[in-house]
Amino acid sequence: MYVSLLMSTFTVLFQLGHASLPLVINTWPFKNANAAAWSALQSGASVLDAVETGCARCEADQCNGSVGFGGSPDESGETTLDAMIMNGDTMEAGAVADLRRIKNAIGVARAVMEHTDHTLLVGESASVFAENMGFIAEDLTTNKSVNILSEWLKGNCQPNYRKNVLPDPSASCGPYKPRATARRNKRAQGANERSHDTIGMVALDRDGHMAAGTSTNGLTHKVPGRVGDSPIVGAGAFVDSSAGGAAATGDGDIMMRLLPSYLAVELMRAGADPSAACKTAISRIKRHYSGFFGAIICANTTGHYGECRGSRIPTVWPPPKRC
């Protein structure tokens with residue numbers, strides 16, 4: 001028998017009993033992805049297989065439009081994907097960023113880990129690698145992503161992620177040129193919780209093997225070529241079978257500067273319980289960015305887990321715990 005716990009920022013499946021093993025936990029209430037990973041684990045698959053299966057399910061389901069094809073088009077209208085997978089036993093990792101034409105980003109990330117000595121491949125070269133590895137090239141554009149771009153252009157390209165440029169990015173579309181005298185601009189006002197719904201997943205089996213993974217199509221209306229925290233080891237996710245695993249979701253441009261997932265795992269290694277580790281990792285970010293939006297999930301080697309959410313969390317019932 002297992003128990004499913006569905007929260008506004010994470011989903012977890014674990015075996016009912018004193019020891020919460022095995023365990024699958026992921027960011028956001030992506031229940032189908034969690035169930036797919038759990039089913040793989042229960043059928044005897046490895047934790048790496050479980051994480052890949054769960055994230056791939058989210059990619060296929062286009063979870064909230066923020067994972068997989070056809071969502072979050074960039075300024076040019078193209079959907080590109082970021083993903084990462086990590087083996088907590090060997091510390092091997094594989095990742096792709098700005099991936100084009102390939103729907104199964106988490107699968108390509110695993111191929112990077114298992115078929116190269118590299119950790120991260122990006123852009124067109126990552127897509128060519130994927131095709132060489134047997135992944136099928138497909139158009140990632142959908143009617144929905146075309147409409148998103150069309151409405152954005154009609155609204156003078158608002159919101160966007162430009163600053164210190166001409167013409168004024170708060171009122172006009174590009175092309176942009178640098179402003180001679182820089183001035184401080186506020187972050188894009190249209191960026192909200194629904195533009196950050198990365199899936200981050202941590203799996204732990206009965207024997208203590210751990211793995212973690214992420215997948216996302218990034219920020220809607222991002223500057224082409226932008227890469228967030230998801231494919232960055234230690235930012236979007238981190239796992240060490242001797243300490244624990246963590247995965248983050250939220251404002252990736254900020255999170256990748258402070259590596260919250262790595263910090264949380266190191267805190268658990270030092271003896272912090274998962275909730276405390278998550279809280280400290282978020283607090284470290286908020287020390288520098290008080291308006292930070294994001295959350296992190298943590299699980300240790302015994303199957304205990306926790307989470308912490310930053311500010312600007314959407315209103316839900318029951319009210320989420322702030323930290």
Side-chain angles (χ1 to χ4, degrees), residues 9 27-28 30 55 58-59 62-84 95-100 103 105-106 109 120 122-123 126 140-142 144-153 155-165 169-170 173-174 176 185-200 214-232 235-237 247-261 285 289 291-296 309-314:
T9 54
T27 55
W28 297 100
F30 299 146
C55 290
C58 221
E59 292 170 346
Q62 300 170 282
C63 286
N64 277 3
S66 64
V67 181
F69 67 100
S72 303
D74 63 19
E75 287 184 339
S76 67
E78 184 176 15
T79 294
T80 58
L81 309 180
D82 300 340
M84 185 265 285
V96 289
D98 195 28
L99 181 71
R100 302 170 177 178
K103 290 183 177 180
I106 189 70
L120 173 64
V122 302
L140 303 188
T141 300
T142 62
K144 179 180 179 180
S145 63
V146 169
N147 290 335
I148 290 172
L149 175 67
S150 177
E151 292 302 311
W152 183 67
L153 292 172
N156 293 322
C157 301
Q158 303 305 306
N160 61 60
Y161 296 91
R162 303 282 184 164
K163 64 181 181 182
N164 301 324
V165 295
S170 67
C173 296
Y176 301 104
N185 293 80
K186 296 181 179 179
R187 285 181 65 83
Q189 294 301 303
N192 56 42
E193 68 276 1
R194 292 303 174 197
S195 67
H196 297 283
D197 293 0
T198 308
I199 184 170
T214 65
S215 185
T216 184
N217 52 33
L219 283 174
T220 305
H221 314 312
K222 62 191 175 187
V223 177
R226 179 263 186 186
V227 174
D229 68 301
S230 296
I232 307 302
T249 181
D251 193 333
D253 290 294
I254 289 177
M255 287 191 292
M256 65 193 300
R257 303 169 192 174
L258 291 134
L259 303 179
S261 295
I285 295 174
Y289 301 95
F292 167 74
F293 163 81
I296 185 168
R309 315 171 202 182
S311 59
R312 289 174 53 202
I313 292 294

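None of these values were measured; they are calculated from a predicted model. The first residue of the sequence shown is numbered 1, and numbering continues consecutively from there.
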Would you indicate whether the side-chain heavy atoms of [Y] and [X] approach each other to under 4.5 Å?
{"X": "Met84", "Y": "Ile232", "answer": "no"}
{"X": "Gln62", "Y": "Lys144", "answer": "no"}
{"X": "Thr80", "Y": "Lys222", "answer": "yes"}
{"X": "Asp251", "Y": "Tyr289", "answer": "no"}
{"X": "Ser215", "Y": "Leu81", "answer": "no"}
{"X": "Thr220", "Y": "Pro73", "answer": "yes"}
{"X": "Pro159", "Y": "Trp152", "answer": "yes"}
{"X": "Ile199", "Y": "Glu59", "answer": "no"}

Rounded at 0.5 Å granularity, tell me how far [atom1] in [X] sits from [atom2] in [Y].
{"X": "Asn160", "Y": "Tyr176", "atom1": "CG", "atom2": "OH", "result": "4.5 Å"}
{"X": "Ile148", "Y": "Leu153", "atom1": "CD1", "atom2": "CG", "result": "12.0 Å"}
{"X": "Ser66", "Y": "Trp28", "atom1": "OG", "atom2": "CH2", "result": "8.0 Å"}

- Task: Please determine which of Asp74, Asp98, Asp253 meets the side-chain hydrogen bond (donor to acceptor under 3.5 Å, both in side chains) test together with Arg226.
- Result: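 Answer to the side-chain hydrogen bond (donor to acceptor under 3.5 Å, both in side chains) test with Arg226 among Asp74, Asp98, Asp253: Asp253.
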- Message: Please find the pair of heavy atoms, one from Ala126 and one from Val96, that lie closest to each other, and give the distance.
- Response: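 Heavy atoms of Ala126 and Val96 come nearest at CB-CG1, 4.4 Å.
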- Message: Give me the atom names and distance for the closest heavy-atom approach of Pro260 to Ala248.
- Response: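 It is CG-CB, 4.4 Å.
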Between the main-chain N or O of [Y] and the side-chain N or O of [X], is there a donor-acceptor pair closer than 3.5 Å?
{"X": "Thr27", "Y": "Thr198", "value": "yes"}
{"X": "Glu75", "Y": "Leu149", "value": "no"}
{"X": "Thr216", "Y": "Asp82", "value": "no"}
{"X": "Gln158", "Y": "Asn156", "value": "yes"}

- Verify side chain to side chain contact (heavy atoms under 4.5 Å, CB included) between Thr142 and Phe69, making sure each step is shown before the conclusion. CA-CA 8 Å; Thr142 62; Phe69 67 100; 3.8 Å; yes
- Item | Qualifying residue for side chain to side chain contact (heavy atoms under 4.5 Å, CB included) with Asn217, from Ser72, Ser230, Cys63, Ser145 |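 Going through the options one by one, the only one that passes is Ser72.
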- Message: The test is side chain to side chain contact (heavy atoms under 4.5 Å, CB included); show your working for Lys103 and Leu140 and say whether it passes.
- Response: CA-CA 7 Å; Lys103 290 183 177 180; Leu140 303 188; 3.5 Å; yes
